[in-house]
Asks: 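After the structure tokens below, expect a handful of questions from me.
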Amino acid sequence: MKSNALIETYAQFPIEVEDGHGTRVRDRAGREYWDFYGGHAVAIIGHSHPAITRAIAEQAAKLTFYSNIVPIEIRRLAAERLCDFAGEGLNKVWFCNSGAEANENAFKVAVQQTGRDRIAGVIGGWHGRSLLPMAATTDDKIRAPFERIFCDAVRLRPNTNDDLDLIDERVAAIIVEPIFSIGGIYELNAEFLRAVRKRCDEVGALLIYDEVQTGIGRLGRPYVAGDFGVRPDMVTSAKGLANGIPMGAVLFTDNIASKIKLGDLGATFGGGPVPCAALIAVIDVIQREGLLENARKLGEAMKKKLLAGPVREVLGRGCLIGLRVEGPSKPVQEKLMSLGFLTGTSANPSVLRLMPPINTPMHAVDELAAALAQVAS
Ligand SMILES: Cc1ncc(COP(=O)(O)O)c(C=O)c1O
């Protein structure tokens, strides 16, 4: 047998995670860590939450899978619950399997409905590795080999209203990540977001919010959509939707949804009964346990308490937080790991990212603050 048949495509943490419960994970050597990396921002309500495990097991025993060729009650229910949860006029949803797939299809809807062939993004945003999202993404590492086959795309400087003219009558849609996560926890401000909405309306372009990281409660509200009075035409969501079972979604306003016809969108696994059961359980837990409020409180605590050791500024909100450190963040990440804390780096070499579950206990923040204080500044 080959020693490792997996292709290495990720620079991995030097630990092998064996099990996880809540915000704690344990490696094969039996060492425990606080998971402020949140399993890649996926474990929105913590690892192996009993309500999710139960929902998955019960649904798998009843019907593990049937495609969209038949209606399934749990799919209808999941759609209803997600749209109710999101609010803000997002009354229809299409399910898929990942963030890139959600963004790809949101762009396809925009191109089809506007008849236009240019897309737009914001410099610093990150939208996934399929062709349309990549064309709107800034990360040169992933873009470079494919640039020659991208569609026509323009990118605006963030929070720069002078660039709004780039959204014109040729643009089908602009995709906006309201807080750049991989880009280094950089927030698009209310003035810019409002101006983008206004400009889209003036020229007939659609506004897509990429809420793959900010969505499903991470910021202490269901989605950023609606914040600052800005309502996008489409919202994409993935990561924590089913707390670890692959699931993506595009949420639509009635206006956009009413123009989508039979056969326009499709994905074999999209809206499978198991992820749908998990999604319903995620929303149940968030609502039953008051986790939106908890995410806000955790964010406030992290902003107040984590200005310690090498940290010079705490960025972001809710459970999407950036620690701007003195010098490079990588050695700080490594030191924190040796002290029992998993964190993420970002495209900004001096910003460490925290995406903990929104039910993380408050004392974990105190423990992280104490660990930071031990890291040389
Ligand atoms: C904001 C954002 N959009 C899209 C994606 C792509 O999601 P996926 O990896 O599920 O395709 C990511 C992944 O990290 C992301 O952070």
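Counting starts at 1 for both ligands and their atoms, following the listed order. Not measured: the values here are computed from a predicted model.
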Asks: I'd like to check which ligand 1 atoms, numbered from 1 as shown, lie under 4.0 Å from a non-hydrogen atom of Val212.
Replies: 2 (C), 3 (N), 4 (C), 5 (C), 12 (C), 15 (C)
Asks: Note the single closest protein heavy atom to atom 14 (O) of ligand 1, along with its residue, its atom name and the distance in Å.
Replies: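 Checked against all protein heavy atoms, atom 14 (O) of ligand 1 sits closest to Lys239 NZ, 2.9 Å.
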Asks: Ring centres of Phe13 and Tyr37 under 6.0 Å apart?
Replies: yes
Asks: Which residue holds the protein heavy atom closest to atom 3 (N) of ligand 1, what is that atom called, and what is the gap in Å?
Replies: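 That would be Asp210 OD2, 2.7 Å.
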Asks: Look up atom CD1 in Ile72 and atom OG in Ser67, then write down how far apart they are to the nearest 0.5 Å.
Replies: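 It comes to 7.5 Å.
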Asks: Check this for me - ligand 1, His40, N or O atoms closer than 3.5 angstrom, yes or no?
Replies: no
Asks: Looking only at N/O atoms, are Gly99 and ligand 1 under 3.5 Å apart anywhere?
Replies: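 There is such a contact, yes.
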Asks: Is there a path of hydrophobic side-chain contacts, each under 4.5 Å between heavy atoms, that joins Leu315 and Val224?
Replies: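 Leu315 clusters together with Val224.
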Asks: Would the number of heavy atoms belonging to other residues, nucleotides or ligands and lying under 6.0 Å from CZ of Arg28 be above 12?
Replies: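 No, because the 6.0 Å sphere around CZ of Arg28 holds 12 heavy atoms or fewer from other groups.
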Asks: Show which atoms of ligand 1 fall inside a sub-4.0 Å distance from at least one heavy-atom site of His127.
Replies: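 Answer for ligand 1: 3 (N), 4 (C).
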Asks: Considering only heavy atoms of Ser98, which atoms of ligand 1 have at least one such atom less than 4.0 Å away?
Replies: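 Checking each atom against Ser98, I get 10 (O), 11 (O).
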Asks: Taking only Lys NZ, Arg NE, NH1 and NH2, and the carboxylate oxygens of Asp or Glu, determine whether Glu211 and Arg218 approach each other closer than 4.0 Å.
Replies: no
Asks: Heavy-atom distances under 4.0 Å decide this one: backbone, side chain, both or neither, for Ala238 against ligand 1?
Replies: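 For Ala238, no heavy atom sits under 4.0 Å from ligand 1.
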Asks: Where's the contact between Glu177 and ligand 1, heavy-atom distance under 4.0 Å: side chain, backbone, both or neither?
Replies: side chain
Asks: Do any nitrogen or oxygen atoms of Trp126 lie less than 3.5 angstrom from nitrogen or oxygen atoms of ligand 1?
Replies: yes
Asks: Quick one, Gln213 and Arg353 - any side-chain contact, counting heavy atoms below 4.5 Å?
Replies: yes
Asks: Using a strict 4.0 Å threshold on nitrogen-to-oxygen distance, state whether Arg197 and Asp201 make a salt bridge.
Replies: yes
Asks: Under a 4.0 Å N-O cut-off, is there an ion pair linking Asp168 with Arg116?
Replies: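 Arg116 and Asp168: not salt-bridged.
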Asks: Which ligand 1 atoms does Ile182 reach within 4.0 Å, using its non-hydrogen atoms?
Replies: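 Here the atoms of ligand 1 in question are 14 (O), 16 (O).
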Asks: Please list the nearest protein heavy atom to atom 16 (O) of ligand 1 with its residue and the distance rounded to 0.1 Å.
Replies: Gln213 NE2, 2.9 Å
Asks: Identify the protein heavy atom lying closest to atom 11 (O) of ligand 1, giving its residue, its atom name and the separation to 0.1 Å.
Replies: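 Protein heavy atom with the smallest distance to atom 11 (O) of ligand 1: Ala100 N, 2.8 Å.
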Asks: With backbone taken as N, CA, C and O and side chain as the heavy atoms from C-beta onward, which portion of Asn103 lies under 4.0 Å from ligand 1: side chain, backbone, both, or neither?
Replies: side chain
Asks: Mind checking whether Val109 and Asn105 have side chains closer than 4.5 Å, heavy atoms only?
Replies: no
